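Keep in mind that this is a model prediction, so the values were computed, not measured. Below, each value reflects all heavy atoms present in this structure, side chains not excepted, and no hydrogens, waters or symmetry copies.
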Amino acid sequence: MKYVSGYSIWLVLFFIVPVLIVLSFSFMEKSTYGGVEFSFSLEGYKSLFSIGYLKILWRSIWISLVATLLTILLALPVAYYIANSKIKDLLLLLVVIPFWTNSLIRIYAWIFVLGNNGIINQLLRKIGLVNDYIQFLYNPYAVILVIVYTYLPYAIIPLFASIDRLEKSILEAAFDLGCNKTKAFFKVLIPNIKSGLITATLFVFIPALGSYAIPDLVGGVNSKMIGNEIVRRLTVAKNWPAASAISSILTLATLIGVLLFVKSTQKEVHT
């Protein structure tokens, strides 16, 4: 009971209260110099229906979806290989090592690699393939690349956990019954690691959707995402209700995703 009580206090103080504060700010009036006026208003939500914001929302969704899909496609074979390797502990350590480095340092490392005077451009000019630099940075594709790199471990770990728990005899039985590798992958492996796939998708898509540092540093003006819009409305426009409204919608989307995941895993347990 003490443990449950302590956990409940922690949950209320560090999750429910901050979310309620942000949600309440979204229904208040904008103050002239930042902050809010304590009177009810829906202006924060009405401002989200502007063409500019809808463009940023659409850009954020498609960048996050593409990045999530690529991350899962890369993580699946890696997780499968690690789960069937004799040195899985060492390989898992190598997957986790990037977490030991600050994310900003890793983003700047990509700038050093892809920049106009970066390693790739210098190499291409040295071997004579190009006369001038190629613009690898400051576009949506650079954002997708760095998001995939950043969140790849978040996909590998839950997929590895699901594959590692899977009975190897299931795949062997599929091969004995005449399944080729492609059929065994789609009809046997994927259905049995559905919870890991959903977890990996949530772990990548949700933080990618609200990403700020990556599009800010490698995306340029035409690659801004929702996270950048929240910061702009807080610091430049001084519109706290609008920023709170965006944050509330993101939080709601996250909660819906988590609830759907919990519901799907409960169905698996009952079946």
Side-chain angles (χ1 to χ4, degrees), residues 15 18-31 34-36 40-73 103-104 107 110 135 137-152 154-155 197-261:
F15 178 73
V19 168
L20 289 177
I21 291 172
V22 172
L23 184 62
S24 64
F25 277 16
S26 69
F27 291 103
M28 294 180 186
E29 287 188 359
K30 169 189 172 184
S31 182
V36 294
F40 181 80
S41 174
L42 291 175
E43 288 301 319
Y45 288 94
K46 288 179 181 178
S47 66
L48 304 186
F49 291 96
S50 65
I51 297 299
Y53 173 73
L54 292 176
K55 284 182 179 178
I56 292 173
L57 177 61
W58 166 243
R59 185 189 302 136
S60 302
I61 290 172
W62 80 258
I63 285 176
S64 301
L65 284 174
V66 172
T68 301
L69 178 62
L70 291 175
T71 304
I72 298 298
L73 290 176
S103 60
L104 284 175
I107 296 170
W110 276 106
Q135 187 72 45
L137 288 177
Y138 311 119
N139 56 66
Y141 306 106
V143 176
I144 291 170
L145 173 63
V146 180
I147 286 176
V148 170
Y149 163 77
T150 302
Y151 296 113
L152 188 59
Y154 291 89
L197 276 170
I198 296 172
T199 305
T201 301
L202 289 175
F203 280 7
V204 176
F205 180 77
I206 290 172
L209 186 63
S211 194
Y212 165 72
I214 294 172
D216 189 59
L217 293 175
V218 304
V221 177
N222 296 320
S223 302
K224 299 297 182 184
M225 296 174 65
I226 291 177
N228 307 106
E229 181 65 10
I230 292 173
V231 173
R232 188 191 73 80
R233 300 223 178 187
L234 278 172
T235 58
V236 179
K238 306 292 184 184
N239 193 337
W240 287 28
S244 299
I246 300 172
S247 301
S248 299
I249 292 170
L250 282 177
T251 303
L252 179 62
T254 302
L255 288 174
I256 291 172
V258 172
L259 290 174
L260 289 174
F261 166 69

Give the minimum heavy-atom separation between [X] and [Y], together with the two atoms involved.
| X | Y | result |
| --- | --- | --- |
| S31 | V36 | CB-N, 3.9 Å |
| T71 | A67 | OG1-O, 2.6 Å |
| N139 | L137 | ND2-O, 3.1 Å |
| W240 | G34 | NE1-CA, 4.0 Å |
| V143 | G219 | CG2-CA, 3.4 Å |
| S223 | P140 | OG-N, 3.1 Å |

Please round to the nearest 0.5 Å and tell me the distance separating atom [atom1] of [X] and atom [atom2] of [Y].
| X | Y | atom1 | atom2 | answer |
| --- | --- | --- | --- | --- |
| N228 | I214 | CG | CD1 | 10.5 Å |
| I230 | L250 | CD1 | CG | 5.0 Å |
| I144 | L70 | CD1 | CG | 7.0 Å |
| S247 | L252 | OG | CG | 12.5 Å |
| R59 | N222 | CZ | CG | 6.5 Å |
| I246 | T251 | CD1 | OG1 | 11.5 Å |

Contact between [X] and [Y] at the side-chain level, heavy atoms closer than 4.5 Å - yes or no?
| X | Y | result |
| --- | --- | --- |
| P207 | Y154 | no |
| P18 | V22 | no |
| I147 | I63 | yes |
| S64 | M225 | yes |
| E229 | L48 | no |
| L217 | L104 | yes |
| K224 | D216 | yes |
| K30 | S47 | no |

- Query: Just checking, is any N or O donor in the side chain of Y45 or S26 under 3.5 Å from an acceptor N or O on the other one?
  - Reply: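 Yes, a side-chain donor-acceptor pair sits under 3.5 Å.
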- Message: Around atom CZ of F49, are there more than 12 heavy atoms from other residues, nucleotides or ligands closer than 6.0 Å?
- Response: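 Not buried by this count: 12 neighbours or fewer within 6.0 Å.
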- Please say whether more than 12 non-hydrogen atoms of neighbouring residues, nucleotides or ligands are located less than 6.0 Å from OH in Y53. yes
- Item | Verdict with reasoning, L42 to F27, per side chain to side chain contact (heavy atoms under 4.5 Å, CB included) | CA-CA 6 Å; L42 291 175; F27 291 103; 3.7 Å; yes
- Given L69, which of L73, L65, V66 fulfils the side chain to side chain contact (heavy atoms under 4.5 Å, CB included) condition? L73
- What do the steps show when you test L209 against I61 for side chain to side chain contact (heavy atoms under 4.5 Å, CB included), and what is the final call? CA-CA 6 Å; L209 186 63; I61 290 172; 4.2 Å; yes
